[in-house]
Structure formats: structure tokens, C-alpha cells
J.: 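Encoded as C-alpha cells, here's the structure I'll be asking about.
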Amino acid sequence: MTHSVVIIGSGFGGIGMAIGLRKAGVHDVVILERAEGLGGTWRDNTYPGAACDVPSPLYSFSFERKTDWSRRFPPQAEILDYLWHCARKYRVLEKVRFGTEVTEARFDEDAALWRISTSGGDLEARVLVSACGQLNRPVLPEIEGRDSFAGTSFHSARWDHGADLRGKRVAVIGTGASAVQFVPEIAKEAAEVRLFQRSAPYVIDKPDRVYRAWQQAVMKNVPGLWELNRAYTYAAYEARALGFIKYPRLMAMLEKRFKNALHDGVDDPVLRDALVPGYPMGCKRILISNDYYPALARPNVDLVTDPIERITPSGVATAGRAYDVDVIVYGTGFRTTEFLSPMKIAGRGGRELNEAWRDGAQAHLGITVSGFPNLFLLYGPYTNLGHNSIIYMLESQSRYILGCVEALRGAGLAWIDVRPDVQDAFTREMRERMRTTVWEAGCQSWYMTADGTVVNNWPGFTLAYRRATRRPDPRHFTARRAF
């Protein structure tokens with residue numbers, strides 16, 4: 001069966017896109033979701049302490065306000081509940097096919113259709129939208145002997161809730177955003193926690209607080225207050241962009257917060273020195289926590305900075321010591337620069353996306369890829385942020401895609417394809433602008449490809465991105481009229 005639009009993924013991007021299409025009068029929409037529930041990263045990451053590091057006033061759709069968040073930085077379960085609420089309210093839940101994994105999509109140029117192969121059968125679409133995100137494929141480190149471990153092991157994004165950590169010896173490998181949240185929680189019940197750190201993160205205080213019932217009531221009932229609070233929070237976070245994209249010295253204020261948090265949380269000078277990063281602040285993701293440093297100072301927590309040599313059946317071994325443990329938790333991040341992998345996507349002339357992206361992912365505005373007509377990406381290359389809410393970016397992208405869909409329908413077009421020179425010019429601009437950012441200031445991060453090219457982040461203000469995506473420019477595309 002041929003559908004108007006098929007969306008891959010049911011996180012914020014996919015649900016928001018489906019709602020936008022419904023509002024625009026496009027009802028023949030299917031959402032393909034490989035898991036058995038919606039929510040994307042907020043479905044997958046259920047580790048202890050999982051919460052958002054963006055303030056709750058910014059972490060909702062602009063068209064569906066939420067005034068009853070329990071705290072300033074919302075926990076995972078509340079965010080997931082909010083997404084389910086939106087899917088039900090706007091009647092897009094019925095569009096989702098759960099347990100359906102896309103294996104391949106090929107563009108039939110003659111028929112102007114995307115022919116999609118899934119674990120649940122084949123289907124066709126006039127328009128294909130990828131809403132897979134950047135943080136959906138956990139990565140396990142290539143460590144010798146990893147599969148030999150006889151105990152329990154799992155990635156933080158696939159948390160084993162059946163594993164009882166009480167009184168256990170736990171090794172945590174990785175010190176990223178997830179580990180900063182779950183280490184303090186498991187340290188409360190584990191007998192020992194060995195935290196293996198390859199590079200120290202910058203961790204600043206988390207200005208979190210509980211919202212009282214009266215505060216929620218005021219936010220709900222006072223006209224304009226929700227909008228004002230959202231706008232104020234947006235402006236405060238948007239101002240941080242200057243430190244990331246142009247003037248790294250402006251990071252001094254955040255660096256002071258880091259030093260204060262480290263000094264207040266850790267008394268031991270040796271441990272404190274081991275927790276000072278060896279790269280400029282902001283080069284990697286800045287993390288927020290009020291309990292990470294105090295957790296590392298606990299007597300049952302040990303920070304290990306020696307490189308791991310191998311995993312053994314009984315634990316983790318460095319060059320100088322073997323650590324026997326009962327459980328290994330990998331907080332080692334995601335395959336962030338591969339985007340649509342492992343799906344096989346073939347465009348005009350049968351060219352595969354992996355081949356087109358062999359030198360790094362490229363997409364005009366992070367949305368359209370030359371040679372792949374009627375394919376649109378949400379949260380594609382050059383759209384991640386270091387300073388504000390990704391939901392603002394997703395709404396900008398959804399609006400742009402809606403403009404493309406409306407152009408296809410209104411002008412009677414079979415397909416549109418962004419011109420290669422337009423895409424190349426955008427990529428050159430991104431790489432040129434990236435040179436002044438803190439992300440290229442001398443660290444290896446998940447924003448980069450293996451050769452050190454930053455392909456994930458937007459090197460500008462989110463307001464500038466919204467302006468750039470306010471509507472598709474017909475001059476940027478080639479098109480073919482419908483039969």
C-alpha cells in the first residue's frame with residue numbers, strides 16, 4: 001500500500017512531525033517503530049537517576065504546554081508520559097506500527113516512491129522522514145575479552161532492571177552524561193563501585209528544584225506566565241551559544257561553576273586533580289549534577305584512571321591491577337555520527353547513503369540529502385546543540401519539511417531533490433564556521449567522525465537556524481512533475 005508519508009521513529013521528532021502533518025491535513029501517515037513503545041531515547045534510557053539536562057520550560061512542544069512538571073529538570077518517566085499524552089491527544093498513536101524495524105528503503109525514480117522493507121512486511125511512501133535521532137544506537141567499547149566476563153553486564157541505555165546491585169561489586173566504564181546520573185544512585189546500594197575514567201568530564205552544579213502544587217497552579221492559571229517563563233529560559237540558554245561558537249573565553253563563568261562544584265564535592269586533592277579535564281570547557285558536552293562529585297568521594301567508590309587493558313571472566317584489568325567485580329555497566333555512549341545506520345537507504349541511480357556519506361554525513365540544513373528525493377531527516381547532521389533545547393530545533397525542521405510536503409502537493413510534483421551545489425555550499429559553510437567553535441578546540445568527542453570532523457552540532461544560534469528553515473527555497477531544489 002502506498003502512503004503519503006512514512007516516518008521512521010516515534011521519539012519527539014517522529015511524534016511532533018506526525019502531529020504537524022495531521023494539523024496540515026495530511027492524514028495518510030504511518031510511523032514505523034522498531035520497539036514496542038514510543039519515546040525514543042526517553043523510552044530506552046531508564047537507568048537510575050535518568051533525567052533531562054534541559055530545563056522543563058523548554059522541554060515540551062510549543063503547541064502543547066505542560067505546566068505541571070514535578071521539577072525544574074524533568075525525570076525520564078515524566079518526559080515519556082508527556083510524549084504518550086501528546087500521541088494520544090493528537091491521535092497519532094493510532095499511526096504507529098510497533099515492533100516494526102526498517103531494514104531497507106529504496107527510491108523508485110520512475111514511480112516516484114520510496115519502497116520500504118521492514119520486519120513486518122513491505123510498504124511504499126511518497127515521502128520518507130527519518131526521525132531516528134542521534135542517540136539511539138548504544139556503542140560497546142572494543143576491549144579485549146569483553147565477551148568473556150562471567151558476571152552480569154549491560155549498557156546503560158539497556159539497563160538490566162533484573163540485576164540486583166545491592167552489596168555487589170560494580171564496575172562502571174565511561175564517565176559521560178548517563179554515568180554522571182546513575183553512578184550516584186548505584187553508589188548508594190553497591191558494596192563497591194569502580195569507575196573507569198578515560199577522560200574527565202566538566203560537571204557543574206544543577207540548578208534543580210521541586211515545583212510545588214501552588215507553583216504549578218500559578219503557571220497554569222496566570223495568563224501569559226507560561227509563555228514568559230519559557231521565553232526567559234530560552235533567552236538565558238540561547239545566550240550561552242556565544243561561548244560555544246565564537247568566544248570560548250566566555251566559558252569562564254561556567255568554568256568557575258565547575259571549579260566550585262569540584263571543590264565543594266571532593267576534599268581529597270589527589271582525587272580532585274584526577275577529575276580536572278585536560279581539554280577546554282565545552283569541547284565535550286558539559287554535564288550537570290549536584291551529587292556526582294560527592295558520590296566519587298564516598299568510601300565505597302574508587303576512581304580508576306589507568307587505561308583498561310582487557311576484560312577478564314572475573315572483572316576488569318589495567319596494566320597494573322586486576323579488579324574483580326560482579327557487574328559491569330557500560331556508560332559508553334552511542335553511535336552518533338552514523339545517523340540512519342544500519343538501515344540501507346538507496347536514492348537515485350541506486351546510490352546508497354553510506355556511500356554518499358563515506359567522508360561524513362552531509363545534508364542541507366541537516367534535513368535534505370542530494371540524490372535522495374523526498375527523503376527528509378529530523379535531528380540530522382549539524383543540528384545537535386550544546387546550549388539549548390533540541391525540541392526547538394526539531395520544530396524548526398518539522399516546519400521546513402511540512403513546507404516541502406505542501407510544495408509537493410500544491411505544485412503537483414512527483415519529487416524534489418536538493419541540488420548538490422546547495423548541499424556542498426552548506427557543508428563548506430558549516431565546516432568553516434566550526435573552526436572557531438570550542439568543539440574543535442582539541443578534544444575527541446561524540447560530535448566527531450573518526451577523522452576528527454564535527455558533523456553533529458549547529459555552529460550558531462537556534463534562532464538563526466529557525467530563520468534559515470522558515471520555508472524551503474524552490475531555488476534550492478530540482479523537481480519532477482507528477483504524471
J.: Would you call E440 and R431 a salt bridge, taking side-chain N to carboxylate O under 4.0 Å as the test?
T.: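 Looking at R431 together with E440, the answer is no, because their closest N to O distance does not fall below 4.0 Å.
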J.: Given L296 and L275, is the side chain to side chain contact (heavy atoms under 4.5 Å, CB included) satisfied, shown in steps?
T.: CA-CA 10 Å; L296 299 189; L275 293 169; 3.5 Å; yes
J.: When you compare the side chains of Y382 and N457, does any donor N or O come within less than 3.5 Å of an acceptor on the partner?
T.: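 Their side chains do not contain a donor-acceptor pair, so the 3.5 Å distance test is not met.
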J.: If you measure from the Lys or Arg side-chain nitrogens to the Asp or Glu carboxylate oxygens, is any gap between D53 and K206 under 4.0 Å?
T.: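 No.
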J.: Does T436 use its side chain to pair, donor to acceptor, with the backbone of I245 at less than 3.5 Å?
T.: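 Yes: the side chain of T436 pairs with the backbone of I245.
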J.: Distance-only, no hydrogens or angles: does the R72 side chain make a donor-acceptor pair with backbone N or O of R209 under 3.5 Å?
T.: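 No; zero donor-acceptor contacts below 3.5 Å.
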J.: With distance as the sole criterion, is a donor-acceptor pair present between the side chains of E238 and T462 under 3.5 Å?
T.: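 Yes.
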J.: With a 4.0 Å cut-off, would you call E33 and R43 a salt bridge?
T.: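 Salt bridge: yes.
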J.: At their closest point, which heavy atom of L413 faces which heavy atom of I416, and how far apart are they?
T.: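 The answer is CD1-CG2, 3.7 Å.
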J.: So among Y465, F244, Y392, which one has a ring-ring contact (aromatic ring centres under 6.0 Å, His included) with W458?
T.: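 One option only clears the test, and that one is Y465.
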J.: Determine, for D208 against R71, whether the closest basic-nitrogen to carboxylate-oxygen distance falls under 4.0 angstrom.
T.: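 Between R71 and D208 there is a salt bridge, with a charged N closer than 4.0 Å to a carboxylate O.
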J.: Near R198 CZ, under 6.0 Å, is it more than 12 heavy atoms from other residues, nucleotides or ligands?
T.: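 Not buried by this count: 12 neighbours or fewer within 6.0 Å.
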J.: Step through the shown structure and confirm whether more than 12 heavy atoms of other residues, nucleotides or ligands are within 6.0 Å of NZ on K23.
T.: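 Atom NZ in K23 is packed in, count exceeds 12.
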J.: Assess whether a salt bridge exists between R257 and E255, defined as any Lys/Arg side-chain N lying under 4.0 Å from an Asp/Glu carboxylate O.
T.: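 No, this pair does not count.
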J.: State which residue, out of V129, N374, I31, fulfils the side-chain contact (heavy atoms from CB on, under 4.5 Å) condition with V5.
T.: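 By the side-chain contact (heavy atoms from CB on, under 4.5 Å) criterion, V5 pairs with just one of V129, N374, I31: V129.
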J.: Looking only at atom types and distance, does a side-chain atom of D160 sit under 3.5 Å from a main-chain N or O of S153, one as donor and one as acceptor?
T.: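 No; zero donor-acceptor contacts below 3.5 Å.
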J.: Kindly indicate, with the supporting measurements, whether the criterion side chain to side chain contact (heavy atoms under 4.5 Å, CB included) is fulfilled by Y82 and W69.
T.: CA-CA 10 Å; Y82 171 77; W69 293 110; 4.2 Å; yes
J.: Check for a donor-acceptor pair, side chain of R351 on one end and backbone N or O of R348 on the other, with a separation under 3.5 Å.
T.: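 Not at all, since once roles are kept as given, no pair shorter than 3.5 Å links the two residues.
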J.: Looking only at non-hydrogen atoms, find the nearest pair between P459 and W439 and report the distance.
T.: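 So the minimum-distance heavy-atom pair works out to CA-CZ3, 4.0 Å.
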J.: With heavy-atom distances below 4.5 Å as the criterion, would you say the side chains of L408 and R126 are in contact?
T.: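 In short, these two side chains do not touch, never coming nearer than 4.5 Å.
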J.: How about V301 and R298: do any of their side-chain heavy atoms sit closer than 4.5 Å?
T.: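 They are in contact (side-chain heavy atoms under 4.5 Å apart), so the answer is yes.
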J.: Any heavy-atom pair between the side chains of Q216 and T67 that's under 4.5 Å?
T.: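 Not in contact.
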J.: Within the 4.5 Å heavy-atom criterion, are P277 and S199 side-chain neighbours or not?
T.: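 P277 does not reach S199 side chain to side chain.
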J.: Using atom types as modelled and distance alone, determine if a side-chain donor or acceptor of T332 lies under 3.5 Å from a backbone N or O of V139.
T.: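 A pair under 3.5 Å: yes.
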J.: What's the verdict on side chain to side chain contact (heavy atoms under 4.5 Å, CB included) for C52 and F73, showing C-alpha distance, side-chain angles and the deciding distance?
T.: CA-CA 6 Å; C52 191; F73 290 87; 5.5 Å; no
J.: Are E355 and R358 within salt-bridge range, i.e. N to O under 4.0 Å?
T.: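 Looking at R358 together with E355, the answer is yes, because their closest N to O distance falls below 4.0 Å.
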J.: Does a sphere of radius 6.0 Å around CD in E429 hold more than 12 heavy atoms from other residues, nucleotides or ligands, not counting ones at 6.0 Å or beyond?
T.: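 Atom CD in E429 is packed in, count exceeds 12.
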J.: Will you find, in the side chains of E64 and Y90, an N or O donor that is under 3.5 Å from an N or O acceptor?
T.: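 A donor-acceptor contact under 3.5 Å links the two side chains.
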J.: Closest heavy-atom contact between G333 and H155?
T.: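 In terms of heavy atoms, the two residues are closest at O-NE2, 2.9 Å.
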J.: Between H364 and F426, does the ring pair (Phe, Tyr, Trp, His ring centres under 6.0 Å) criterion hold? Intermediate values first, please.
T.: CA-CA 6 Å; H364 179 54; F426 175 78; 5.4 Å; yes
J.: Within the distance-only criterion (no hydrogens, no angle test), does the side chain of Q197 pair as donor or acceptor with the backbone N or O of V304 below 3.5 angstrom?
T.: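 Checked: no pair found.
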J.: Evaluate whether atom NE2 of H263 has more than 12 neighbouring non-hydrogen atoms of other residues, nucleotides or ligands under 6.0 angstrom away.
T.: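 No, because the 6.0 Å sphere around NE2 of H263 holds 12 heavy atoms or fewer from other groups.
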J.: Inspect the contact between K66 and D68 and indicate whether a charged nitrogen and a carboxylate oxygen are less than 4.0 angstrom apart.
T.: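 Yes, D68 and K66 are salt-bridged.
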J.: For S389 and L58, indicate whether the former's side chain and the latter's backbone hold a donor-acceptor pair under 3.5 Å.
T.: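 A pair under 3.5 Å: yes.
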J.: Tell me, do V180 and V203 make a side-chain contact under 4.5 Å, heavy atoms counted?
T.: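 Result yes, sub-4.5 Å side-chain heavy-atom pair found.
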J.: Could you work out, with side-chain contact (heavy atoms from CB on, under 4.5 Å) as the rule, every residue matching A105, not counting sequence neighbours?
T.: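 Only W114, I116, L128, I345 meet the side-chain contact (heavy atoms from CB on, under 4.5 Å) criterion with A105.
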J.: Is the shortest side-chain heavy-atom distance between P381 and M430 below 4.5 Å?
T.: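 Sidechains of M430 and P381: no contact.
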J.: Might you work through the side chain to side chain contact (heavy atoms under 4.5 Å, CB included) test for I401 and I367, ending with a clear yes or no?
T.: CA-CA 8 Å; I401 296 170; I367 301 172; 3.8 Å; yes
J.: Quick one: does T233's side chain have a donor or acceptor within less than 3.5 Å of a partner on N229's backbone?
T.: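 Yes; at least one donor-acceptor contact below 3.5 Å.
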J.: Distance to the ring centre below 6.0 angstrom and angle to the axis at most 45 degrees; does that hold for K284 and Y202?
T.: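 Here K284 fails the 6.0 Å and 45° test against Y202.
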J.: For the OH atom on Y247, are there more than 12 heavy atoms of other groups (residues, nucleotides or ligands in this structure) within a distance under 6.0 Å?
T.: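 Counting neighbours around OH of Y247, 12 or fewer heavy atoms of other residues, nucleotides or ligands fall under 6.0 Å, so no.
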J.: In this structure, is the centre-to-centre distance between the rings of F376 and Y400 below 6.0 Å?
T.: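 Judged by ring-centre distance (under 6.0 Å), Y400 and F376 do not meet the cut-off.
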J.: Quick one: are V29 and R22 in side-chain contact, heavy atoms under 4.5 Å?
T.: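 In short, these two side chains do not touch, never coming nearer than 4.5 Å.
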J.: Between A51 and Q181, what is the shortest heavy-atom contact and its length?
T.: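 Between these two residues, the closest heavy atoms are O-NE2, 2.9 Å.
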J.: Is the side chain of E395 donor-acceptor paired with the backbone N or O of S62 at a distance under 3.5 Å, no angle test?
T.: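 It does hold such a pair.
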J.: At their closest point, which heavy atom of Q76 faces which heavy atom of N45, and how far apart are they?
T.: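 Looking at all heavy atoms of both residues, the closest pair is CG-O, 3.2 Å.
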J.: Can you establish whether the number of heavy atoms outside R471 located under 6.0 Å from its atom CZ is more than 12?
T.: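 12 or below, so no.
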J.: What heavy-atom pair brings A363 and L377 nearest, and what distance separates the two atoms?
T.: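 Looking at all heavy atoms of both residues, the closest pair is CB-CD1, 4.1 Å.
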J.: Under 3.5 Å, is there a donor-acceptor pair between the side chain of R399 and the main chain of R466?
T.: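 Checking the backbone N and O of R466 against the side chain of R399, a donor-acceptor pair under 3.5 Å is found.
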